[in-house]
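Remember, it's 1-based here, ligands and their atoms both numbered in the order they're listed.
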Amino acid sequence: MDSNIKPADSIQTTCPYCGVGCGVAATPSLVAGDKSHPANQGRLCVKGSALHDTLVPNGRLLKPQVEGEERSWPEALAAVRDAIRDAVDHYGPGSVALYLSGQLLTEDYYVANKLAKGFIGTPHVDTNSRLCMSSAVAAHKRAFGEDCVPGCYEDLELADLLVLAGSNAAWAHPVLYQRMQASQRAGRRVVVIDPRRTATADLADLHLKLKPGTDTVLLNGLLVWLVQHGATNSDYIARHCSGFEETLASAQEVAPSVTSVATQCDLDEDDVEQFYRWYADTPRTVTTFSQGINQSVAGTDNCNAIINCHLATGRVGRPGASPFSLTGQPNAMGGREVGGLANTLAAHMEYDTPGARERLAGFWDTDRLPEAPGFKAVELFEAVHRGDIKVLWIMGTNPAVSLPDSARVCEALAACPTVIVSDCMANTDTTAFAKILLPAAGWGEKDGTVTNSERCISRQRSFLPLTSEARPDWQILTSVARELGHARAFQYQRPADIFREHAMLSALACKASDGRQVFDIGALAQLTEAQYNQLEPVQWPVSIDEAGDVTGTPRLFSDGRFATDNGRARMVPISAGLPRQVVTSRYPLVVNTGRIRDQWHSMTRTALVSRLLTHRQEPSIEIHPDDALHYGINDGTLCQLTGPGPEAFLGRARLTVDQRPGEVFIPIHWSGCFASQSVATNLIAAVTDPISGQPESKHGVASLSSLASRWQARLMRRGSGGGLGKLAGFCDYWCRQPLTHSTSWWLAGNQTIDWGSDARSWLGGEPQLIMADAAQGRFRAAWVVDGRLDAVLLVDREVGLLPDLAWLDQCFSAERLSADQRQCLLAGRSVETEEIGALVCSCFQVGDRQIASAIRRGHTTLEALGQTLKCGTNCGSCVPEIRELLAHPA
Ligand code: SF4
């Protein structure tokens, strides 16, 4: 897949998806892993491997729009200016808000933060990173005095015990998972803490399938056990920590014994004991934590409970020994650096950092800095709903889908007088509410820096011209600043100008803290344009020697000195943080939400690649077989989850013992652009961690029922054109799936339709091929225009009776259907075609039926399957699923 890329032909850039921050060698038509990048050393996951296929104009926002009309840039910028001025004049600066994104580059973020806080004077600048890792940020500040990840990726390979808490790294951070997997060696152990058995548990020597929301109990119990067994590092605690006694006393109250922990967490006592013993016996222990820990009303406490145990054993910032927050988004950390969270100022300076406001005001030469923090994401949209925010500028994110209580967020967006959206895509659930739409540059066109989970700053370089009238976000922001009369403070000509200023500010902040502040990239403030362009990945804090060589810092706090006032780390007493959304007789199921392997966020980019939509084609509801039996649901049944909110979630049941009884799992990716009613956040209430403001996205509640449907259907139309036509009015469920040569819709409905008469003409013109079997509830029709396939409609009583799509999709590419294709069209497959089953390997399009068949033929190892089918031999993302098929052959 990547062997044709030569380094000389490609540009070194960075993947725009997850927080691993993989280096990519890119050309407009191919991508490969950058072997020289420290994060991935040449690896890419399935999403990264498909990046070149997303470089298409489909769906791009091409020109600015104001109130639905295309406008020139000067007109659109004037409209933004007037809206902001008007709001500030009439309602004050606090009536303007910016909602940013972890997809923005650091330079974009810096200018957004400076414009909002420094010159509009509003504190309301928050980001979708609030939804992802703000609990980890708050915990770092509480424990270390600053938002710092102490370790580095190498630690995941050096650790003798890896604890993966609330992290499905196999799917959410695939390349890091591969690094962990590759470094398995004799004696090394892996413990997975997760209510679900995810693909990550494939790596686990011990999987603690705990009751959701009991993480603090398990971790407090660990601290108590370590003390009881003399396994803490009392010298380290005495010299480098504060708060140990209070923390222990609190832990003893919550989790006095292994028996108590096992009971509260619904775990086996021996398993709990085993985990504790391994932890005690293994100096080189890394605990990674991610959304399962962060997205909780006790998210900050969860993170601090992890850090407490590392502090108690002195395992912070040492090779193979650290707590390690895995960031979800590509530049969440860059956003944190510049102050993209509403409760920080800039460059790791807080509102309550002594002298910080004055220092920043002087540096930016402004007198408009707000005095107190602004609204965090959920509060912000509540303020929009109340009418307090008159202008809301959203950049590169889709809050109508990603924020909890999506229906209320949509109400807020609809009621806001001016919603401005900068995005590279024209149609998202959020752009639908925009009064002003600004076309932003996309990946491949943008130029700047990002910072990954291990504090590594990498260049994201452009290698494509801008699409149509799209502009980089920093440029749009700079233009608005100039329109508002602040040209002197926004004289940036290129990203390097912004980066140097950002670096300079970090040095100022660090110096003012007497060197206590860790975030310092001041050494990069003098980079020339050429040096910036050639900047190699480097971990902050950064130093530079006389020869101009830049040196990063892999680990922090190794000497036991922290960024607190007294240099000591703070251990934090943690109580049992139980979920706020609790099951009732009306809503008896716990709803867990998360990512699937091949999709990213609300699918605006990943759905452009048809092979990324074949692993999971529809929204699903994963459910334990016992629950399925109770509700009378089979595998594949279309189901409805209904929570306290007004909107339900529709998805296909996937029966799996990986799920605990009483709990279901749904994916976060589908939006109103891709399915009729499958926005996961509709089942999540807007309740948040009181410290971090992060929503409790892992613990909604709902009731479950099957969706009554008389018929199931698939409609396929050539290319991306066309829609459902009149059929839409008869569907209780639809889900759109862009394929390579056609667009497909899964459909279901309960109304009786006379397919043989009414439906035939709904799609325009009479079909040329028809097969109807009313007794079986079966109807199939194909529309062929001048010998070319235009549309296919396949109706059946059960979804399992409908054919795979791969062969049919190929038929749409033929200029003229062959006799064989025409003959087999309504069967949906050629006689020679092997049914591949559910897709496992996206890179080589290998399905579970093919793998099962190969196993039956004697290919009973991962290597043998790779040799015969190629599955698992490219990005490796599917390896856990192949192993599962090998362990349990059909
Ligand atoms: S793991 Fe995959 S999605 Fe994440 S940065 Fe690397 S290639 Fe991109």
**Asked** Counting heavy atoms only, which part of Cys22 comes closer than 4.0 Å to ligand 1: side chain, backbone, both or neither?
**Response** both

**Asked** Which pair of non-hydrogen atoms, one from Thr430 and one from Ala400, has the smallest distance, and what is that distance?
**Response** OG1-N, 3.1 Å

**Request:** Give a yes/no on ligand 1: does Asn40 have at least one heavy atom closer than 4.0 angstrom to it?
**Result:** no

**Item:** Close-contact set for ligand 1 against Val175 heavy atoms, below 4.0 Å
**Value:** 1 (S), 6 (Fe)

**Item:** Closest non-hydrogen atom pair, Trp600 against Cys18
**Value:** CH2-CA, 3.6 Å

**Asked** In terms of atom number and element, which parts of ligand 1 are under 4.0 angstrom from non-hydrogen atoms of Leu44?
**Response** 7 (S)

**Asked** To which protein heavy atom is atom 7 (S) of ligand 1 closest, and what is the distance rounded to 0.1 Å?
**Response** Cys45 N, 3.6 Å

**Message:** Can you tell whether the side chains of Asp447 and Arg459 come within less than 4.0 Å, N to carboxylate O?
**Reply:** yes

**Request:** Flag yes if more than 12 heavy atoms outside Asn533 fall under 6.0 Å of its CG atom; otherwise flag no.
**Result:** yes

**Message:** Using a distance threshold of 2.8 Å, state whether an N, O or S atom of Cys18 lies below it from atom 2 (Fe) of ligand 1.
**Reply:** no

**Request:** Note the single closest protein heavy atom to atom 8 (Fe) of ligand 1, along with its residue, its atom name and the distance in Å.
**Result:** Cys15 SG, 2.3 Å

**Message:** Minimum heavy-atom separation for Arg60 and Met425, please, with both atom names.
**Reply:** CD-SD, 4.1 Å

**Message:** Suppose I only count heavy atoms of Tyr17 and a 4.0 Å limit; which atoms of ligand 1 are within that range?
**Reply:** 3 (S)

**Asked** In terms of ring plane angle, is the pair Trp443 and Phe463 parallel, tilted or perpendicular, where the classes change at 30° and 60°?
**Response** perpendicular

**Request:** Check Gln103 against His601 and note the closest heavy-atom contact, atom names and distance.
**Result:** NE2-CE1, 3.6 Å

**Request:** Number the atoms of ligand 1 from 1 as they appear, then name those within less than 4.0 Å of a heavy atom of Gly21, with their elements.
**Result:** 5 (S)

